Amino acid sequence: MRYIPNSPEERDEMLAVVGLTVAKELFRSIPEDVQLNRALNITEPLAESEVIAAMEAMAAKNIAATKPSFLGAGVYSHFSPTIVDHLIQRSEFFTSYTPYQPEISQGTLQYIFEFQTLICQLTGMEVANASMYDGSTAMAEAYLMAQRVTRRDKIVVTTSVHPEYREVARTYTQHGAAEIVSIPFDKKTGRIADLSALDDKTAALVVQSPNFFGCIEELSTLADAAHDVGALFVVVVTEAISLGLLKSPGACGADIVVGEGQSFGIPMGFGGPHVGLFATRDKFVRQMPGRLCGVAYDKNGNRGFVLTLSTREQHIRREKATSNICTNQGLIALAATIYMETMGKKGLQEVAMQNAQKAAYAAKQIAAIDGFEIAFSAPKFNEFVVSSSKPAEAVLSKVRIENGIIGGLTLSRYYPDRPNEFLVCVTETNTKTEIDNLVSSLAGK
Amino acid sequence: MRYIPNSPEERDEMLAVVGLTVAKELFRSIPEDVQLNRALNITEPLAESEVIAAMEAMAAKNIAATKPSFLGAGVYSHFSPTIVDHLIQRSEFFTSYTPYQPEISQGTLQYIFEFQTLICQLTGMEVANASMYDGSTAMAEAYLMAQRVTRRDKIVVTTSVHPEYREVARTYTQHGAAEIVSIPFDKKTGRIADLSALDDKTAALVVQSPNFFGCIEELSTLADAAHDVGALFVVVVTEAISLGLLKSPGACGADIVVGEGQSFGIPMGFGGPHVGLFATRDKFVRQMPGRLCGVAYDKNGNRGFVLTLSTREQHIRREKATSNICTNQGLIALAATIYMETMGKKGLQEVAMQNAQKAAYAAKQIAAIDGFEIAFSAPKFNEFVVSSSKPAEAVLSKVRIENGIIGGLTLSRYYPDRPNEFLVCVTETNTKTEIDNLVSSLAGK
Amino acid sequence: MSIKKVTQHPTQNEALIFERSKTGRVGYRLPKLDVQPTSIDELLPAELRRDDDLNGVPEVSEVDVVRHITRISTWNYSIDLGMYPLGSCTMKYNSRLNEKVARIGGFAGLHPLAPEEETQGALELIYRLQEDLCEITGLPGISLQPAAGAQGEMTGVMLIRAFLDQRDGEESKNRRVMLIPDSAHGTNPASAAMSGFTVKTIRSTAEGLTDMQHLQEVCDEGGVAGLMLTNPNTVGIFETNIREICATIHAAGGLVYMDGANMNALVGVARPGDMGVDVIHLNLHKTFSTPHGGGGPGCGPCLCSADLAQFLPIPKVEKKGDEYTLNYDYPGSIGRVKAFHGNFGMMVRALSYIYTHGFDGLKEATEAAVLNARYVSHELEDTYDKPFHGDCMHEAIFSHKNQSKKGVVTLDIAKRLIDYGFHPMTVYFPLVVEGAMLIEPTESVGRSDLDAFIEAMRDIDREAQDDPQLVIDAPHSTRIGRLDEATAARKPVLRWREDMEILSKTA
Amino acid sequence: MSIKKVTQHPTQNEALIFERSKTGRVGYRLPKLDVQPTSIDELLPAELRRDDDLNGVPEVSEVDVVRHITRISTWNYSIDLGMYPLGSCTMKYNSRLNEKVARIGGFAGLHPLAPEEETQGALELIYRLQEDLCEITGLPGISLQPAAGAQGEMTGVMLIRAFLDQRDGEESKNRRVMLIPDSAHGTNPASAAMSGFTVKTIRSTAEGLTDMQHLQEVCDEGGVAGLMLTNPNTVGIFETNIREICATIHAAGGLVYMDGANMNALVGVARPGDMGVDVIHLNLHKTFSTPHGGGGPGCGPCLCSADLAQFLPIPKVEKKGDEYTLNYDYPGSIGRVKAFHGNFGMMVRALSYIYTHGFDGLKEATEAAVLNARYVSHELEDTYDKPFHGDCMHEAIFSHKNQSKKGVVTLDIAKRLIDYGFHPMTVYFPLVVEGAMLIEPTESVGRSDLDAFIEAMRDIDREAQDDPQLVIDAPHSTRIGRLDEATAARKPVLRWREDMEILSKTA
Ligand SMILES: Cc1ncc(COP(=O)(O)O)c(C=O)c1O
Ligand SMILES: Cc1ncc(COP(=O)(O)O)c(C=O)c1O
């Protein structure tokens, strides 16, 4: 086996040193009757070229990856500068462990610290952690944290929050005390309409903005409503690029901001690995889940970084920990960090603006086609819902099969009561030509 | 410009420090009338994604790169382990200069030393340099070195040496004293037939093995013949993988071995960058061209490496140098080193054997087709010439256009008197299916 | 030789990116906007727009970023630099081939919500990996959704809960006790708690095994939902009584969860499914070599018996004829644990690992991993205190008992190893051994490196005896010394601010 | 803090791969042979086969190779780690984008002898680069075949020879003198010699410029085939009299070759073609940012006036209608200088560089490069002796005169810079300045790094005055000290042998 740096002879010598003769004897503490006494029924070992060929053959069946696409809904196609993937492939980063030995992990620790800072800056919050698995689990953890902070158990969440996020949060909370109350969105504006569910039992009001339909919520108003009943205001962001243009959740009064960082230069990769974002206020820091990196000094006064406040975590607190998370999404946080640093202030602003502009252009063009209109009136960022006079499934199939374009996501996948609608996402990677082609395909031209 | 780590403001400040106000003043030593007072007529700056798109569009027009191919003739399709390209992309290697400061270049120096050793081991020679531009220029330099060593000027070279190599050597020697005498190959065996051109004016006998037609020369006999007249015996190797199976030129009595190292894990890359190999006997080392790396010790007795014997080189010896070469093919030598080390003794043997076996199989199958035969009788490695009853150009065009296979190289490209022949190369990357498809295409099935 | 130190070495003093930022530097270029622009106010009312100009976000060039990240990278140790013997972490070679295939455009550029018929390759890959992992563990049910080991645990514990709820109905609420050995990893109790269980701790014996008598006693107390057992356990010893353990729990009406973090000792040699285990999680980022990435990402598949399979997270990836599909139709499912399909990129790497090894290679790796640990255990037993005398599997455990008399404790030994060019072992875990040093060489270390490690450990012992302060003050060769973690936690500084101290307190 | 040194640090002591080799380790796996095998003797008679079992070739695993190469990589300095101010070498940022596009399958996997109609993209790329380089230099003829600067020089000088031979017929043999300034790079005379010319040296003036009077005198001696001039010259100063110089040579019947190694000072600002130059080479691995790769590969395009174009190497890449073709039909050509099409991969990178910059970016880069050098020149002039007082272009030159009184020479200053985290400047070149230090920051360094460099240089001067031995003994921070190059050359050991001393003389 070419990955094992010992020859058969070396292994025999080592066996002799430990007083054995054959490898099987290494396992004598395993009762014979639970030892496997046959070969596993898996493929024969393949040569490197054969593995590549097998993988390429499978990849080639993913024809969606080759088509112009207007899919968003929590996973976005953005351009990632080449240096991102090159730098995360430095083995100093990708072949190292969680930085538990700070003296030889300052590279990792420093980027985590930068990541935490950047997430604070973009979300407008005071403290952010070193990453969660993804946006959905980050939201689930926000529910749990809100319960801990407020000692209340009612979570009010709008149905315009990403449906898969809500499913995950339901799974996480099903055995706890949480009571989840879903509140609807306004059919006209696409925004939250009715906050009557908020009361003095409410631990958190949870909204997504831009929401699943691409509509931007009036966060400041919602924050006030939550705070009025003593609840935390939790804002979910699935499209992190929007932070370059939209008023930050922190500036609007959010207490916890959770989200998905995939937009920051991470490949869509069939849904993962991505990176969950989690930010909050300083005063809640000891209730946060996940790892935190902080400044520390050595005895000569040199600045360095360490993982800190770990008394919140499972390896110290065990069943009383703020979360069970251990392995997180470190390397993806690095990729996101490099993305944010490379784009910088100007780049994050410009890319956000381009997304908004292109989506606005696309929406205008689509709205001008007979039989199509834009579903909600609230301002949008880079996604919007299109209502069609025909079933969305049929419309999108036609566009896909006849024109080779993935035109968006049928809302009925998650909202069976909305069969004629689909969600369109337009990013800086969609050229005008692609948009125009989508428009003419929808128009049946 | 995103590659320039100074903002316009910083540049203005720096200008002020040096007493200037605008950048144009930096160039006041350039007479106004030779300054360019217009924009260059080149493309507008492109975004990263646009550059990639433009390059991919051009690359896509290289449809030959997507087809099964039996082209060889000095450039070979071999599988390169993934670690080769990953490791050479460590910026410690690819963004460093020639190791003139050994204390901070030991990484580069050590791999050069390993490269030199590996080339010696494979060629059977005593000393090898740190690389030449490619096989063709290495051969040209061998002519010049043979003249220096023997103080004779006649170079006897067979026409079965790669025609482009011979063209390059002609260019290099055209203004010197060299007299180049071409000797023919035997039409039956494909090997050198007639050595009557050798005489006491001969500086070198130059042969390629396997030669351009894939035939393996009887090197030991040729070495004796060269040595009998006091000439050097120069062996050219264009298919370095053959060294894993064939008796080494050194063991056969070569005085200089030159060759191309592309087969050692280097992409074909439309012909370059590849890596020229140059090896010889210890006694000739001071007449060698190119850089040499050797062992040196610091004052504590620690072993290190330095560039050495540089009094041969242009930066010391100027017009009396053994060559004008300065920049060589360092990073490609690293890639070849990693390839050789990864394959190791066993791998170099096995891959050579697979090439020979697959070529033998293909040759047998093709010989069995009506109207085709194998042209020369000498033993072969992974290339052979096929004689067809029809013009090779037409045969190969048909196979290419109708069956999508690049079946080989028409010999008439270099040997206009051989219109019905083509050169077929089979490597470990050609599957049996590909070979069988070629055979049935040739058979017109 | 004493070193004439220079303080301004740029690579050793690379600042935070925020400290490098200069107004007006740029590191990006986007294509020009190619559509007719909408006026900004029409696009978005002013009150919804940011008005802080992204204050504080750095402005740097591409070159700045490359140098910044490259420089700080040199402050890290990594598997590619040498032995990384973190016990319980399985820091094995992360193959470059796996990295390459994970980046193939058809995988990396695929949207998870694209139509099933256009993502058949990705679903096929998931399916194939599922099949192989089921065969390897001997358990027929599987979900690849969990993002890491801890999430796999939570999923598995929830399966147990769902099974009990279905089996026992209302009665189930009387079974809320999850048994966990004192040696368990912290994620075990934390995951159990997230699934609504209370934890009871099972003692270990002097041999480092589950105390069967204590187990029986606790089972007799009733209410047992299950046991979470790591096997080989966290001291690196195989639980020889595994069948009896499972039988005891089953007899008590509970189920057995196996923490599969240590599967690198078993793959190809023994299967949890054959031992009586009901649920297990794997860490693809350990046993199946997907890179740890400085903390993640991972992938923590959850596997289970046929009885529990109906409760697995949805959607499940299944094969219908020649088609691969997402099946949401499992009404008993515990639900989704992660959006989309889990950490797919890790699955590509793991399957590439399995393809590269085949059965022979997997078994060879297991043997080599166990042999390496056994060798270390044997070679250091005269120097370091070995708390347990049973055969160690893939990791060797020692304590600082022989050195602590001189005031040298585990942490010091760990730090001194750094000077010798090694990453320290796992320290102070598991908690059952005082001053534990848990050494897992994995199969990716050759004898010569192992010997160098052993020699270093022996040298450190000698130093501890002769010159303890040298060890206590270690490391001596790093850019930065031991950091004051207590103060860091007391006055946490968790983000950069403009008024922060730069580089050193005194600077 | 004094460091407690440990001698066995694996990364610092990584041996030669041959010393790591162990019989039986393997690092590869090939697919199984899928054809019916031929018996070995039928395949190849025994006397043609190797019989040494590749003795000495290492046997190692993939992991061994990865660790080996990664460890030794850490002993290198690189552009990504910081300023690399090698004068004349233009160590600018090597963009990752360029690396990526050069690896696109349609380029990397393309055979150079594939049919023209199936390699149109590669030919188009070459053609586009040719067009852009012609526009940048103002010279209409071009060949991208030369593999590096020196080969571009040889090509250019041969063009001159071919032109003269054609123009003067038999008389040409009386023109065999190539004039080369004393400040020229060594490749210039070496290339001239390879083309059958004898070299006469032209003196420089005290201002660092070509001595016009001497030039005229030598021209008057007759037989002048041409002049090889670097501009800006190797002391970093633009030859203000360039038009007069060209006129003088032309009047003498010769041609002017410009060594374009220093084009980074001119791109977008001035064009050699507009100055009267007849031939030039470029170093794509300098001006156009293709990586130096620890010594190569490069690409050294040769450009020339319309009169000389007919002599360029064949084949030429041309456009006929919409097709790109290889034209061999230049009977006057000097011939091929390299097999196939030159270092194509470097051409892809260079075109990507040009596309990324556009005219504005190219000009900005030139300005930034010159400004950086001018800034260094200005900031260090009080500390270091500046031999010439004209405006420097892209590189600044100093000598050790102010330090050598204390016994500290250029080499010492260079070595001490290493301790400060910088790569040294070019030393002892050009030869016309005693103890020359040639500093070329390039545009890829920001002001903060430049200031750190300047501060380091000033510190070193202070050290030279106060504690010269400290500088003379430098570097103090590297794995290995100054190496004994004299002994290395006297008793050269140029390859590993089994009986070699391992790692240190005393080991
Ligand atoms: C024994 C054991 N169980 C569980 C885990 C948790 O796995 P993860 O970090 O992937 O969440 C670990 C990881 O360190 C472990 O060692
Ligand atoms: C002025 C000058 N001319 C020519 C050359 C030779 O170029 P190359 O190394 O590419 O052969 C160099 C390179 O160092 C140089 O600096």
Side-chain angles (χ1 to χ4, degrees), chain A residues 1-15 43-57 59-60 66 79-96 103-104 107 265 267 297-302 304 335 338-339 341-344, chain D residues 1-3 9-11 14-15 17 20-34 58-74 76 78-81 93-105 109 289 291 348-349 352-353 355-356 444 446:
Chain A
M1 213 295 122
R2 69 178 193 275
Y3 296 164
I4 300 181
N6 266 335
S7 64
E9 295 73 37
E10 288 173 286
R11 279 176 260 175
D12 287 346
E13 288 162 25
M14 290 170 67
L15 275 173
T43 172
E44 287 286 287
L46 299 182
E48 205 168 337
S49 56
E50 293 169 317
V51 173
I52 295 171
M55 292 292 175
E56 280 182 342
T66 62
F79 180 76
S80 182
T82 305
I83 63 169
V84 174
D85 194 48
H86 187 264
L87 289 171
I88 69 168
Q89 288 194 65
R90 282 190 64 81
S91 53
E92 287 86 343
F93 292 125
F94 86 94
T95 79
S96 62
E103 298 87 351
I104 44 172
Y297 294 88
D298 71 7
K299 63 171 187 276
N300 298 314
N302 295 311
I338 300 172
Y339 178 88
E341 293 178 355
T342 306
M343 297 300 283
Chain D
M1 189 186 70
S2 105
I3 284 177
H9 196 294
T11 297
E14 178 64 14
I17 194 81
R20 239 184 190 275
S21 170
K22 298 279 179 202
T23 309
R25 291 194 187 177
V26 288
Y28 80 102
R29 179 192 290 275
L30 287 172
K32 290 214 189 85
L33 185 65
D34 60 354
E59 295 176 72
V60 290
S61 71
E62 181 171 320
V63 187
D64 287 311
V65 178
V66 169
R67 288 201 171 129
H68 176 67
I69 300 291
T70 305
R71 286 174 181 172
I72 68 173
S73 81
T74 65
N76 269 7
S78 67
I79 294 176
D80 282 12
L81 285 176
Y93 173 56
N94 303 138
S95 152
R96 287 323 101 97
L97 172 62
N98 303 351
E99 293 307 302
K100 178 183 186 138
V101 295
R103 286 171 168 81
I104 296 173
S289 87
V348 181
R349 291 169 173 88
S352 172
Y353 175 91
Y355 279 6
T356 299
S444 309

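Sequence lines set the chain letters: A, B, ... in the order given, protein chains first and strands last, and positions in each chain run from 1. Computed from a predicted structure; not experimentally measured.
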Bottom line for D:Val60: the part with an atom under 4.5 Å from chain A's heavy atoms is neither
Residues 3-12 of chain A vs chain D, non-hydrogen distance cutoff under 4.5 Å, contacting residues -> A:Tyr3, A:Ile4, A:Pro5, A:Asn6, A:Ser7, A:Pro8, A:Glu9, A:Glu10
Report task. Decide if atom CD of A:Glu44 counts as having more than 12 heavy atoms of other residues, nucleotides or ligands within a radius under 6.0 Å. Result -> no
Value for CZ (A:Arg2) from CG (D:Asp64), rounded to nearest 0.5 Å, stands at 13.5 Å
Sequence neighbours excluded, the answer for side-chain contact (heavy atoms from CB on, under 4.5 Å) partners of A:Asp85 is A:Ile88, A:Gln89, C:Arg103
Assert top hit (heavy-atom pairs under 4.5 Å, partner chain A, pool D:Val63, D:Thr70, D:Asp80) equals D:Val63
Residues passing the side-chain contact (heavy atoms from CB on, under 4.5 Å) test with A:Glu56, sequence neighbours excluded, are A:Ile52, C:Ile104
Taken in chain and number order and not counting sequence neighbours, the residues that satisfy side-chain contact (heavy atoms from CB on, under 4.5 Å) with D:Ala15 are D:Glu19
Smallest heavy-atom separation, A:His86 atom then D:Arg96 atom, equals ND1-CD, 3.4 Å
Whatever's closer than 4.5 Å to a heavy atom in chain A on D:Leu97 counts as both
Note: vs chain D, highest number of non-hydrogen pairs under 4.5 angstrom among A:Ser91, A:Pro45, A:Ser49 is A:Pro45
